[in-house]
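By convention in this document, chain letters (A, B, ...) are assigned in the order of the sequence lines, proteins followed by strands, and residues within each chain are numbered from 1.
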There are 2 protein chains.
Amino acid sequence: MPTKANTVNIDKRYHHGDVRAAVLARGLARLEEADAAALSLRELAREVGVSAPALYRHFRDRDALLDALAGEGAAQLAVRQRAASERAGGGEAGFTECGREYVRFALGAPHLFKLMFARLPPPDHGTNSMGAAVAFLHDSIADWLPPGAPDERRKIAAMYFWSLVHGLALLMLDGQLPADPTLVDRVIGREGFGAAFPPPLALAPQSRP
Amino acid sequence: MPTKANTVNIDKRYHHGDVRAAVLARGLARLEEADAAALSLRELAREVGVSAPALYRHFRDRDALLDALAGEGAAQLAVRQRAASERAGGGEAGFTECGREYVRFALGAPHLFKLMFARLPPPDHGTNSMGAAVAFLHDSIADWLPPGAPDERRKIAAMYFWSLVHGLALLMLDGQLPADPTLVDRVIGREGFGAAFPPPLALAPQSRP
DNA sequence: GTTGGCATGTTAGCACCGTAAACATAACGA
DNA sequence: TCGTTATGTTTACGGTGCTAACATGCCAAC
């Protein structure tokens, strides 16, 4: 059963084997029920079956542990974004589906989601963990905007939609708005724009699903 | 000088006088520099010049203290929203100014802003602390939408704009977007909508400041 | 006025936390 | 085979939220 050679499966062996992975897994599990502030290093160590100071061999301090958890979350989000867009086939449909997935992720893992934004560095160079999700957002926008759209415009559009979806997600998981999936559709879909802008300003009548 | 009769100003009197107000004031000040998680009850007690358990005469526990701080923040926000709207004279101008003020508040007091949404109950009955600001948002929308707009539509529009502004504020104060005031204007102003929607869908050409 | 009750302070102490220091174990490469 | 090194351990320190028991002094009823 053990993948590592010569690993004895006795419960009380001195070396755990992979404390880091175990702690991250337990941490993610713990975040499904409790706030990140309620996540104690000692508690995690206990649950993993190891002494507390052992964690310091794998994380500089509690902050670093939380950063790592946030990184895991960002990676998960990026994967799910990509899957959602593919599933919907790109274009406007793919983009809004991507937004829905964003909110879905947030509502499904509130504490992790909040932790991510509380700790992750800005997606500066497109390469760090959050960068993947954001870069994907930009690509999706590119799929949607007319081919010749200037880059500046694409950026504003991306920020615009990101803000919209991000705000909606957070207001819902903070209980300020009801966490209702159909409400998400209505707000980020055509109806939202239509409702937000009075008739003379509203969208030209077009493909209305 | 002392407003209370018979109050001696000697520094070392047994009764502080108003621990609650002093603690809230120090707490708000502390939140200007540090995260709410870094706010220690004992530290506040020390700074106010009182023993730690004394705080329990005025707050049930640390949570209640943070709730109170969040309440103070919500009150401040409501006041500033109203002022901003009046200053701009209602209508669309008043509404977007209101949104700008929202973001300005968030950027000016990041920790307090986050604390508010982490702890305040939903604006259920319009009467609690956050209710004031939200009710005001709805009124502003009413000023803007055509007079006969159905209530359902007004609600969606309110959620839409609230999400937009809320998300923008949080992305900025989490460092995911640059905290640039002119960027705020561009995203929540006409340019944002225009950039977000390709020409056939975009706003009809109209009063463009 | 005196006095007794009650709001508001105090000190002492508990269990928990994050983290550092010093030591123990075992995996691994020369 | 044996030292080096990664990875664990125990112990200890100062900080935290919070409770219990006790102290002080304001205020109102006598």
What pairs of nitrogen or oxygen atoms, one from the protein and one from nucleotides 14-16 of chain D, lie under 3.5 Å apart?
{"from": "D/dT16", "atom 1": "OP1", "to": "B/S40", "atom 2": "OG", "distance (Å)": "3.2"}
{"from": "D/dT16", "atom 1": "OP2", "to": "B/R46", "atom 2": "NH2", "distance (Å)": "2.8"}

(message) I need the full list of side chain to side chain donor-acceptor pair (under 3.5 Å) pairs touching residues 100-113 of chain A, with sequence neighbours left out, sorted by first then second residue.
(response) A/R80-A/E101, A/R87-A/E101, A/E97-A/R100, A/E97-A/R104, A/R100-A/D185, A/E101-A/R104, A/Y102-A/W162, A/Y102-A/H166
(request) Starting at atom CG of A/L55, determine the distance to atom P of D/dT7, rounded to an integer number of angstrom. (result) 13 Å
(request) State which of C/dT10, C/dT19, D/dT9 makes the closest approach to the side chain of A/D61. (result) C/dT19
(message) Between the side chains of B/D174 and B/K114, is the shortest nitrogen-to-carboxylate-oxygen separation below 4.0 Å, so that they form an ion pair?
(response) yes
(request) Could you tell me which non-hydrogen atom of B/Q176 sits nearest to which non-hydrogen atom of A/P121, and how far apart they are? (result) NE2-O, 3.7 Å
(request) Look only at the side chain of A/R62 and the backbone of A/L39, and say whether a donor-acceptor pair between them is shorter than 3.5 Å. (result) yes
(message) If I take atom CZ in residue B/F59 and atom P in nucleotide D/dT19, what distance separates them, rounded to the nearest angstrom?
(response) 15 Å
(request) Could you work out which one of C/dT11, D/dA21, D/dG17 sits closest to the side chain of B/Y56? (result) D/dG17
(request) Sorted by first residue and then second, give each side chain to side chain donor-acceptor pair (under 3.5 Å) pair with at least one member in residues 19-33 of chain A; sequence neighbours left out. (result) A/R26-A/E47, A/R30-A/E43
(request) Check the distance between D/dG17's C1' and B/R60's CZ and give it to me in whole angstrom. (result) 13 Å
(request) Return the value, rounded to whole Å, for the distance between atom CZ of B/R20 and atom P of C/dG9. (result) 13 Å
(request) Output the single nucleotide from C/dG9, D/dT7, C/dT19 whose closest atom is nearest the side chain of A/R57. (result) D/dT7
(message) Just N and O in the side chain of B/H58: are any of them under 4.0 Å from OP1 or OP2 of C/dA7?
(response) no
(request) Taking all non-hydrogen atoms of both residues into account, name the closest pair between B/L65 and B/F59 and its distance. (result) CA-CD2, 3.7 Å
(message) From CG of A/L66 over to C1' of C/dC17, roughly how many Å is that when rounded to an integer?
(response) 14 Å
